[in-house]
Amino acid sequence: MNDTYYEFGTAAERWDRAQMFFGAKEYMTAARILEGLVAEVPEQVAPRLLLARTYYHSARLGKAETELRAVLERDPVEHYARLMLGRTLERQGRSAEAAGHLRMAAAFTGDFGPEN
């Protein structure tokens with residue numbers, strides 16, 4: 001595909017396009033668009049979080065981990081990023097490291113498991 005297609009439009013239009021491709025499970029295309037947005041506005045959490053999700057769903061777990069850690073540097077209490085980081089680490093066979101992130105995600109949402 002032509003690179004200019006991904007560069008076309010405003011940031012808002014590209015954000016909408018990336019969400020459309022993500023929703024259609026076209027993760028590689030969504031990631032390509034989001035990579036440009038994240039480079040353009042690295043301080044914004046939402047594009048970076050969606051980029052991490054595209055990497056996760058396309059099994060690019062190292063890249064997903066990198067983006068999720070960047071999100072958590074900006075917003076340490078972003079519970080969904082914490083949950084995704086835990087799951088990403090689990091998929092990489094790093095269960096011990098994942099456990100702390102999963103516990104924090106549960107605490108942020110008030111999900112402490114079944115009541116005893």
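Residue numbers count from 1 along this sequence.
Atoms CG and CE, on Leu72 and Met104 in that order, are 8.0 Å from each other to the nearest 0.5 Å. Rounding to the nearest 0.5 angstrom, the gap separating the NZ atom in Lys63 from the OG1 atom in Thr88 is 14.5 Å. For the atom pair CZ (Arg82) and CZ (Arg87), the distance works out to 15.0 Å, reported to the nearest 0.5 Å. A distance of 10.5 Å separates CZ in Arg32 from CZ in Phe21, rounded to the nearest 0.5 Å. To the nearest 0.5 Å, the span separating CD on Gln44 from CG on Leu50 amounts to 12.5 Å. Rounding to the nearest 0.5 Å places CD of Glu97 at 11.0 Å from CG of Leu102.
Other residues, nucleotides and ligands place no more than 12 heavy atoms under 6.0 Å from the CE atom of Met28. Environment of CZ in Arg60: crowded, with over 12 heavy atoms of neighbouring residues, nucleotides or ligands closer than 6.0 Å.
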Item to check | Verdict with supporting geometry, Arg53 and Met84, side chain to side chain contact (heavy atoms under 4.5 Å, CB included) | outcome: CA-CA 8 Å; Arg53 291 177 66 197; Met84 280 199 62; 3.2 Å; yes

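Remark: the backbone N or O of Arg69 is not paired with any side-chain donor or acceptor of Arg74 at under 3.5 angstrom. Side chain of Arg14 to backbone of Gly9: a donor-acceptor contact under 3.5 angstrom is found. Not a single donor-acceptor pair under 3.5 Å links the side chain of Glu67 to the backbone N or O of Ala64.
Using a 4.5 Å cut-off between side-chain heavy atoms of Ile, Leu, Val, Met, Phe, Trp and Tyr, with links allowed through other members, Leu83 and Phe108 fall into different hydrophobic clusters. Two different hydrophobic clusters hold Phe22 and Val71 under the rule that ILVMFWY side chains link at heavy-atom gaps under 4.5 Å. Hydrophobic cluster membership is shared by Tyr80 and Leu68, with clusters built from Ile, Leu, Val, Met, Phe, Trp and Tyr side chains linked at under 4.5 angstrom. No path of Ile, Leu, Val, Met, Phe, Trp and Tyr side chains, each step under 4.5 Å between heavy atoms, connects Tyr55 with Leu61, placing them in separate hydrophobic clusters. No path of Ile, Leu, Val, Met, Phe, Trp and Tyr side chains, each step under 4.5 Å between heavy atoms, connects Leu51 with Val45, placing them in separate hydrophobic clusters.
Heavy-atom minimum distance, Pro42 versus Arg48: O-NH2, 3.3 Å. Scanning all heavy atoms of the two residues, the minimum distance from Tyr56 to Arg91 falls at O-NH1, 3.0 Å. Arg17 and Phe8 make their closest contact through NH1-O, 3.2 Å (heavy atoms, listed as atom of the first residue, atom of the second, distance). The shortest heavy-atom contact between Pro47 and Leu34 is O-CD2, 3.9 Å. Minimum interatomic distance between Gly86 and Ala98 (heavy atoms only, all atoms of both residues): O-CB, 3.1 Å.
Taking a cutoff of 4.0 Å between a charged side-chain nitrogen and a carboxylate oxygen, Arg94 and Glu65 qualify as a salt bridge.
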